[in-house]
Amino acid sequence: MQVLEFDTIIIGSGLAGLTSAYYAAQYGSVAIVTKSQLDTSNSYYAQGGIAAAITEEDSPEQHLEDTMVAGRGLCDKDAVEVLVNEGKQRVLDLIEMGMKFDKQNGDYVLGLEGGHSKRRILHAGGDATGKELTSFFLKKVQELKNVTPFEYHAAVKLLKNEKCIIGVQAFNFKKGTNIIFKSKSVILATGGLSRVFARSTNPHTATGDGVAMAYEAGAKIADLEFIQFHPSALSVNGKEAFLISEAVRGEGAWLLNEKGERFMKDIHPLAELAPRDIVAFSIYKQIQKSNINHIYLSLKHLDSEKIKKRFHHIYLQLQEFGFDLTKDLLPVSPAAHYMVGGIRTNLDAETNIKGLFVCGETASTGVMGANRLASNSLLECLVFGKRASDKAAKLNPVECDLPDFRPITVNTDNEELFLNYQNKIAGVMAENLGIVRNKSGMEKALSTLSEIANHFSDYENEYNNLKIKNAAEICKLIIKSALVREESRGGHIREDFQKENPDFKVHVIQQKGEKIQFENIRK
C-alpha cells in the first residue's frame with residue numbers, strides 16, 4: 001500500500017479545487033486528487049459568468065440584497081457579506097493575475113441574469129466563462145512545482161481519528177492499486193450531485209462523492225432538499241439535456257408556452273429574469289397544462305449577429321442538434337442543475353471535523369439559502385477556496401497512526417450492474433423528487449432506495465458496488481431532508497405544503513448516527 005504525505009490534499013479539480021490548490025501552494029506541498037481529468041468539472045462547463053459588483057453604479061450591498069432575496073430567507077447574512085465583499089477583491093485579483101474578461105470599447109461587458117438588479121456578470125469567451133476561468137487557473141496551478149496532480153484517482157474514504165482528519169484513501173484506476181494520501185488537512189471540492197437525476201445538465205462525474213464520504217466520516221450535511229433545476233435546458237427526446245445559459249434570457253430572450261404566449265410577464269415583475277426557482281416552477285406548470293413536454297425559448301426578435309457573437313459556443317452546439325439559436329423556437333424544460341445545500345461549513349470553509357474543509361458546490365457555506373442566485377457559484381469557489389487554504393495552512397501537523405482500512409478493488413463485471421442501478425435510482429429521483437414533490441411519492445422513493453442501500457452495504461470494498469451504495473445513501477439524505485421540510489421554499493416545492501412556513505426558516509442538518517437537527521439562520 002503506497003502512502004504519500006502532503007501538507008494539503010485537495011479532492012476535485014473544478015474551480016474550487018484549483019483555487020484552493022493555487023493558494024495552498026503558498027504554504028506547502030499540495031496533492032490534487034481527481035477521478036477523471038483535471039479539466040472535467042461543472043466549473044469547466046459553466047456558460048454564465050461570475051457575479052461581482054465592480055462598477056461605480058453597483059455595490060457589494062446591492063449584490064448582498066439580491067442574493068438574500070433569491071435565497072428566500074435561508075441565507076446566512078455573515079456568509080453572504082464575505083462572498084460579496086471578498087468576492088469583489090478576488091475578481092480584481094484575477095484581473096491583476098492576467099485573466100481576460102470580455103471587453104467592448106475598453107469597458108467590461110457586464111451581463112444580466114435572473115434575480116440581479118444590476119448588470120454585474122463578467123464573462124470570458126462570450127458563453128465559455130467556466131472553460132476560460134478554469135483553464136486560466138489550471139495553467140497557473142500547473143506552473144507551481146509543489147502541486148502534484150493525481151488524475152484518474154478516485155477518493156473513496158476519508159481517514160480520521162475521533163478528533164481530526166488524517167488523510168484520504170484513493171484508488172488508482174490506471175494501475176488498479178490503492179493509495180493513501182496522508183495530511184493534516186483535506187479540502188473537498190468534489191462538485192455537485194445532479195447526476196442522480198435522470199435529466200441533468202451536469203457531467204457524468206457529478207455524483208455527490210464528496211457528500212457521501214463526508215457523511216460517512218461524521219460531517220454535518222445541510223439543506224440537501226434544495227436542488228436547483230435550471231429552467232432552460234434543451235429538450236430533445238433521446239438526447240442529453242444541453243444547458244442554454246440564463247444569460248440568453250438576460251439579453252432579452254422570451255419564454256413562450258404551447259400557444260406562443262409570454263407567460264412569465266404575468267407571474268413576476270422581472271418576467272423571464274425572475275429567480276430560477278420561480279421560472280422553473282412556472283415552466284413546470286405550463287407543461288402540466290399542455291400536450292407537450294416542453295415550452296419554447298425564442299430569440300427571433302433579437303439582433304441575430306449580436307446573438308451569434310455573444311453566444312458563439314451555444315450557437316454552434318445547437319446547430320449540431322439541428323437548431324438555429326437566432327431563428328428557431330427552441331424546446332426547453334427544466335433539468336437538475338445545482339446542489340444548493342451540501343456539507344456544512346463555517347466561514348473558513350471548515351466542517352465540524354477538524355482539518356476537513358469544503359468549498360464550491362459540494363459545500364453549504366450559508367451563501368445560497370434556498371435558491372442560488374445566478375453566477376454566484378464561481379464567485380463562491382474563489383472566495384471560500386482561498387479561505388479554506390488560508391485556514392488549513394495554520395493547522396498543526398497531525399500526530400496520528402493511520403486507521404485500519406480495507407483495500408478497494410474494481411471488478412469490471414460489475415460495471416453494467418452499476419449502470420443499471422444508476423438508471424433505476426435516477427428514474428426514482430426524477431419521478432418523486434423533481435421540481436414538485438409530495439409525501440407519498442417521497443416515502444415510496446425512500447423505501448426503494450433504502451432497499452438498494454441495504455443490499456449493497458456489505459460490498460463496500462468493490463468500487464462499483466460502493467458507488468451504488470453511495471448514490472442510494474445520498475438520495476436518502478435528499479429525501480429525508482425534503483420530507484421533514486413541510487413547506488414550499490426556493491428549490492423545494494411540495495404539493496401538500498404549498499406555502500412558505502416561517503417555522504422552517506432554519507437549516508436542516510443531517511449527521512450519521514444522529515437525529516435530524518434544525519439550525520437557526522445567522523442574521
Side-chain angles (χ1 to χ4, degrees), residues 14-15 37 39-52 54 91 94-95 98-114 116 119-139 200-203 230-236 239-256 272-273 276 296-333 335 337-338 374-379 381:
L15 184 60
Q37 294 172 289
D39 60 358
T40 301
S41 66
N42 274 350
S43 305
Y44 190 82
Y45 295 104
Q47 298 171 346
I50 185 165
I54 63 168
V91 168
L94 268 180
I95 293 169
M99 177 65 198
K100 304 294 185 186
F101 290 106
D102 294 343
K103 284 186 172 183
Q104 189 172 27
N105 301 323
D107 295 322
Y108 288 109
V109 179
L110 298 176
L112 183 67
E113 295 184 10
H116 289 274
R119 284 189 171 269
R120 64 167 70 97
I121 318 296
L122 288 148
H123 298 92
D127 53 2
T129 308
K131 178 181 177 181
E132 295 295 328
L133 192 50
T134 306
S135 299
F136 174 81
F137 253 110
L138 180 56
K139 186 172 184 293
S200 170
T201 63
N202 287 193
H230 198 289
S232 53
L234 190 69
S235 181
V236 177
K239 300 288 186 180
E240 291 277 343
F242 172 67
L243 178 67
I244 302 176
S245 171
E246 189 160 301
V248 171
R249 282 178 278 131
E251 296 303 324
W254 292 341
L255 292 172
L256 307 176
E272 282 85 357
L273 288 177
R276 284 183 182 174
Y296 296 100
L297 184 71
S298 176
L299 290 79
K300 292 195 292 184
H301 56 289
L302 301 176
D303 184 323
S304 62
E305 291 306 312
K306 180 181 176 183
I307 293 301
K308 285 180 189 178
K309 183 178 180 181
R310 172 69 179 82
F311 302 109
H312 179 65
H313 295 86
I314 295 175
Y315 178 78
L316 293 178
Q317 190 68 44
L318 285 174
Q319 281 188 322
E320 295 185 19
F321 285 97
F323 294 102
D324 186 325
L325 177 65
T326 66
K327 297 177 182 177
D328 294 330
L329 289 177
L330 306 172
V332 296
S333 63
H337 180 62
Y338 192 88
S375 290
N376 267 355
S377 49
L378 294 180
L379 192 69
C381 292

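As the structure is a computational prediction, the values presented were derived from the model and not from experiment.
Going from atom CD1 of Ile307 over to atom NZ of Lys300 covers 14.5 Å, rounded to the nearest 0.5 Å. How far CG of Leu316 is from CZ of Phe321: 12.5 Å, rounded to the nearest 0.5 Å. With values rounded to the nearest 0.5 angstrom, Lys327 atom NZ is found 13.5 Å from Leu299 atom CG. Distance check, rounded to the nearest 0.5 Å: CZ of Phe242 to OG of Ser235 gives 14.0 Å. Remark: Arg310 CZ to Ser245 OG distance equals 6.5 Å, nearest 0.5 Å. Considering NZ of Lys103 and CG of Leu122, their distance stands at 10.5 Å, rounded to 0.5 Å.
By the side-chain contact (heavy atoms from CB on, under 4.5 Å) test, Lys308 is found to be paired with Glu305, Tyr315, Thr326, residues two or more places apart in sequence or in another chain being considered. When the salt bridge (Lys or Arg N to Asp or Glu O under 4.0 Å) test is applied to Arg249, the partners found at least two apart in sequence or on another chain are Glu246.
Checking side-chain atoms of His312 against main-chain N and O of Gly126 turns up no donor-acceptor pair under 3.5 Å. Judged purely by atom type and a 3.5 angstrom limit, Glu132 has no side-chain atom pairing as donor or acceptor with the backbone of Gly125. Without hydrogens or angle criteria, Asp127 side chain to Ile314 main chain gives a donor-acceptor distance under 3.5 Å. Arg119 contributes a side-chain N or O that, together with a main-chain N or O of Leu110, makes up a donor-acceptor pair within less than 3.5 Å. The backbone N or O of Ala124 lies less than 3.5 Å from a partner atom in the side chain of Thr129, making a donor-acceptor pair. Ser298 contributes no side-chain N or O that, together with a main-chain N or O of Trp254, makes up a donor-acceptor pair within less than 3.5 Å.
Remark: the His337 side chain and the Thr201 side chain contain an N/O donor-acceptor pair separated by less than 3.5 Å. Side-chain atoms of His123 and Asp102 include no donor-acceptor pair closer than 3.5 Å.
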- Item | Evaluation steps, side chain to side chain contact (heavy atoms under 4.5 Å, CB included), between Glu251 and Phe311 | CA-CA 10 Å; Glu251 296 303 324; Phe311 302 109; 3.7 Å; yes
- Task: Test side chain to side chain contact (heavy atoms under 4.5 Å, CB included) on Leu234 and Ile244 and set out the steps.
- Result: CA-CA 7 Å; Leu234 190 69; Ile244 302 176; 4.3 Å; yes
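Here the side chains of Leu318 and Asp324 are not in contact, with every heavy-atom distance at 4.5 Å or above. No side-chain heavy atom of Phe136 sits less than 4.5 Å from a side-chain heavy atom of Thr134. With a 4.5 Å cut-off on side-chain heavy atoms, Val91 and Leu379 count as touching. For the pair Phe101 and Val109, the minimum side-chain heavy-atom distance is 4.5 Å or more.
Contact between His116 and Ala51 at its shortest, heavy atoms only, is CE1-CB, 3.8 Å. The minimum heavy-atom distance between Ala241 and Ser200, with the atom names listed, is CB-O, 3.7 Å. The shortest heavy-atom contact between Leu133 and Leu94 is CD1-CD1, 3.6 Å. Nearest heavy atom pair, residue Leu297 against residue Ala253, reads CD1-CB, 3.9 Å.
Counting only residues at least two apart or in different chains, side chain to side chain donor-acceptor pair (under 3.5 Å) contacts with residues 105-114 comprise Glu113-Ser375.
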